[in-house]
Amino acid sequence: MTLTIRPRVSRDSEKRRDLLERMVLQGPGLLFIIIFMAIPITLVAIYSIFQRGRFGGIVYNATTENFTRAFDPVYLGVLVDSIKIAGITTALAIVIGYPTAYAIAKLPKKWRSIALVLVVMPFWTNFLIRTYSWIMLFNREGLLNHALMKFNIIHTPLDLLYTQSAVVVGLLYGYLPLMILPLYASIERLDPQLGEAAANLGATKARAFFSLTLPLTASGLIAGSIFVFIPSLGNFIVPELLGGGKTVMVGNLIRDQFLKARDWPFGSVLALSVILLVFIFFLLQSLVEKRYSSEVNE
Amino acid sequence: MHSVFSNRGRKIVISSMAAGLLLLVSACSSSSDEASGALDPNADLTKQSLVVSNWAAYNPPDLAATFEKAIGAKMTITNHATNEEIMAKLTSGADSGIDVAFVSGQYAQALAAQGLLEPIDTALIPNLSNLYPEASKLAYDIGNKYSVPYTWGTTGICYRKDLTGFDPTSWNDLLNPAANVKGKTTMLATERWLMLPAQKLLGISANSTDEAEMAKVKAQLIATKKTLLAYDDTTFYTRLVSGEASMVEAWDGWCNYGITDNKNIKFVIPKEGSDLWVDTMVILKTSKNKEAAHAFINYILDPAVNSWVISNVLYKTPDKAAMELTAAKLGETYPNMLMTPAELLKGEGLNDLGTSGPMYTKIATEVTSSK
């Protein structure tokens with residue numbers, strides 16, 4: 001009898017020790033997520049079904065009005081515009097970021113770290129200041145126009161700012177490093193022997209890229225896309241500064257509902273819609289990634 | 001009300017953090033009713049301590065120290081970036097811990113309507129006699145029952161004649177610009193001032209809540225958007241200085257900042273009229289230091305103290321004594337500093353919109369997101 005019991009006791013205590021270890025390791029992270037993610041998002045969800053207090057805050061009368069209002073063409077239009085702008089930004093970031101990351105990964109080792117520092121360097125300066133400096137550079141009376149006119153390349157100043165394209169370029173500039181870094185990480189992990197094998201087996205460079213390199217770096221590509229798309233979608237500084245306030249994105253809308261219109265419930269609905277979008281993109285990511293990884297395994 | 005916008009970067013970051021925090025705070029706050037007893041004119045002010053919330057850089061930097069020295073009460077100054085931010089703090093239900101707040105007139109009106117303000121005890125503020133008589137005729141609080149005005153001004157067109165080639169006289173010059181200024185104008189994006197030029201041009205009240213009237217305002221503003229360089233609440237005067245813009249909608253004081261850098265810049269109030277904005281000081285009912293709060297307002301109305309905001313922020317104040325001390329000298333460089341209270345009061349006072357607030361917000365979104 002004792003023989004059969006003893007191992008069970010020790011397994012139990014082992015389990016308990018495991019549990020304790022897990023709690024110690026995961027506790028701080030979980031607590032952080034609960035306090036700064038779960039609770040705020042729950043609050044936002046709760047606020048979304050109540051009425052606006054006249055001076056901000058909430059009147060606790062349940063209503064669906066905030067949700068129906070979100071389907072008003074004005075707000076849908078802003079949401080669609082935002083997705084479009086963030087989508088174009090992400091696509092451009094891939095086009096520029098992939099070759100850059102590839103080139104960095106192929107550099108000799110000591111140059112690689114220097115190149116990576118250069119990629120990250122813009123983050124050393126506040127995003128707002130970097131964005132504002134673009135106004136100094138590119139406005140009608142800015143440095144670029146003055147220089148071009150001085151050298152007689154143009155005769156009337158170019159209007160480079162305060163358009164939707166200016167917003168896209170501003171976002172691209174701000175978030176490109178977030179595309180390059182995960183791409184670099186996945187490209188760097190590529191086994192060079194695989195490429196050699198493909199070449200030996202007669203694959204063209206293009207074929208090798210599309211059936212080998214691209215699927216193997218898909219996780220980095222998707223991670224980078226999400227890192228660029230999500231902050232672009234919610235950004236409100238760039239549309240305000242480089243868009244001259246003439247391009248409205250969903251981030252501007254949400255900010256205005258909370259800080260100008262004092263309409264917290266509607267702001268909450270808009271915020272939830274962005275959270276939902278982000279959630280959908282994460283789902284897509286995991287689906288695509290699963291497909292790619294199974295493809296590679298086959 | 002506007003001086004703060006100069007710290008825009010900080011404003012955006014801080015206010016977005018504040019909004020996040022407020023969500024948390026308001027969720028777990030409960031309302032507390034503070035019985036307000038009669039004020040004691042002989043209260044020992046050294047035992048009181050004040051928390052004052054104001055826009056950044058809108059009071060003398062050493063105000064807390066000089067006040068403490070002169071009056072004896074301790075004082076802490078906190079900053080808010082916008083009216084909306086301080087309103088959220090004051091109306092969330094819990095005691096905000098703030099004794100005196102600086103808010104714009106229409107917000108003082110809203111706070112008073114909610115019963116959140118302590119009535120002003122005129123006996124404790126002898127310096128009220130420094131104010132122009134017009135200062136007690138302001139529509140949002142006639143007789144200054146709940147608020148004492150700090151600064152006031154109006155909105156107009158700030159322009160560079162060397163770039164426009166003419167002196168604008170009408171809001172039409174801004175809203176339907178001539179070919180040579182097209183693409184070189186900016187408008188304010190804050191709702192009330194976004195609407196104001198079109199409201200005045202169309203002969204509509206700046207406080208209109210009529211949907212048909214506001215639809216016309218919207219149509220005009222959507223047409224105007226195509227002619228704008230940008231919407232700009234914060235840097236419009238620097239755009240004039242650099243020459244990027246030649247005509248902008250501007251608050252009087254802010255046009256003065258442009259004039260400081262370029263003497264070609266002029267300010268005009270269009271013939272259709274404009275607004276009258278007032279920034280006020282209010283005492284919260286929840287304050288436990290009401291005598292010191294009154295002493296603070298009295299201290300601010302001292303011409304020697306009040307002159308600071310005139311010569312440093314270049315705003316006009318309703319403090320006659322302070323204006324006489326300071327504004328005449330400034331008038332040579334900044335002609336709008338010489339506007340008389342009677343001229344200012346021709347502007348339409350901005351009142352709280354009540355339940356029509358969301359309509360303005362929606363129109364603003366429709367206008368700024370239009371293509």
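Chain naming here is simple, since letters A, B, ... match the order of the sequence lines and numbering starts at 1 in each.
Across all non-hydrogen atoms, the minimal contact from A:Trp264 to B:Ala88 is CZ2-CB, 4.0 Å. The two atoms that bring B:Ser242 and A:Glu141 nearest to each other are O-CG, 3.1 Å, heavy atoms only.
For NZ of B:Lys263, the number of neighbouring non-hydrogen atoms (other residues, nucleotides, ligands) closer than 6.0 Å is greater than 12. By the 6.0 Å contact criterion, CE on A:Met136 is open, its count of non-hydrogen atoms from other residues, nucleotides or ligands being 12 or less. The environment of CD in A:Gln285 is crowded: more than 12 heavy-atom neighbours from other residues, nucleotides or ligands sit within 6.0 Å. B:Glu211 CD: 12 or fewer foreign heavy atoms inside a 6.0 Å radius.
Neither the backbone nor the side chain of A:Asp256 has a heavy atom closer than 4.5 Å to any heavy atom of chain B. With a 4.5 angstrom heavy-atom cutoff, B:Tyr360 does not touch chain A via any of its atoms. When heavy atoms are compared at a cutoff of 4.5 Å, A:Leu253 approaches chain B solely by way of its side chain, counted from C-beta outward. With a threshold of 4.5 angstrom between heavy atoms, A:Asp72 approaches chain B through side-chain atoms but not through N, CA, C or O. Heavy-atom distances place no part of B:Leu111 under 4.5 Å from chain A, backbone and side chain included. For A:Tyr132, the part sitting under 4.5 Å from any heavy atom of chain B is the side chain, from C-beta outward, and nothing else. Contacts of B:Thr235 with chain A are made by side-chain atoms alone, with heavy-atom separations under 4.5 Å and no backbone atom involved. In this structure, the portion of A:Tyr75 lying under 4.5 Å from any heavy atom of chain B is its side chain and not its backbone.
The NZ atom of A:Lys260 sits 14.0 Å away from atom CZ of B:Arg192, with the distance rounded to the nearest 0.5 Å. To the nearest 0.5 angstrom, A:Leu259 atom CG is 12.5 Å from B:Asn83 atom CG.
Options B:Asp352, B:Leu229, B:Thr355 differ in how many heavy-atom pairs under 4.5 Å they form with chain A, and the most are formed by B:Leu229. Counting heavy-atom pairs closer than 4.5 Å to chain B, the top residue among A:Val78, A:Asn145, A:Val248 is A:Val248.
With a 4.5 Å cut-off on side-chain heavy atoms, B:Thr361 and A:Arg262 do not count as touching.
Checked by atom type and distance alone, the side chain of B:Lys225 pairs as donor or acceptor with a backbone atom of A:Lys246 at under 3.5 Å.
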Give the table of side-chain donor-acceptor pairs shorter than 3.5 Å for residues 83-90 of chain A, with sequence neighbours excluded, one pair per line with atom names and distance.
{"residue": "A:Thr89", "atom": "OG1", "partner": "A:Ile85", "partner atom": "O", "Å": "2.7"}
{"residue": "A:Thr90", "atom": "OG1", "partner": "A:Ala86", "partner atom": "O", "Å": "2.6"}

If you look only at distance, which donor and acceptor atoms sit under 3.5 Å apart when one is on a side chain in residues 227-235 of chain A and the other is two or more places apart or in another chain?
{"residue": "A:Ser232", "atom": "OG", "partner": "A:Val228", "partner atom": "O", "Å": "2.6"}
{"residue": "A:Asn235", "atom": "OD1", "partner": "A:Ile237", "partner atom": "N", "Å": "2.8"}
{"residue": "A:Asn235", "atom": "OD1", "partner": "A:Val238", "partner atom": "N", "Å": "2.9"}
{"residue": "A:Asn235", "atom": "ND2", "partner": "A:Tyr175", "partner atom": "OH", "Å": "3.0"}

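With sequence neighbours excluded, no residue forms a side chain to side chain donor-acceptor pair (under 3.5 Å) with A:Ser273.
Close approach to chain A, defined as a heavy atom under 4.5 Å from one of its heavy atoms, is seen in B:Lys362, B:Thr365, B:Glu366, B:Thr368, B:Ser369, B:Lys371 of residues 362-371 of chain B, taken by number.
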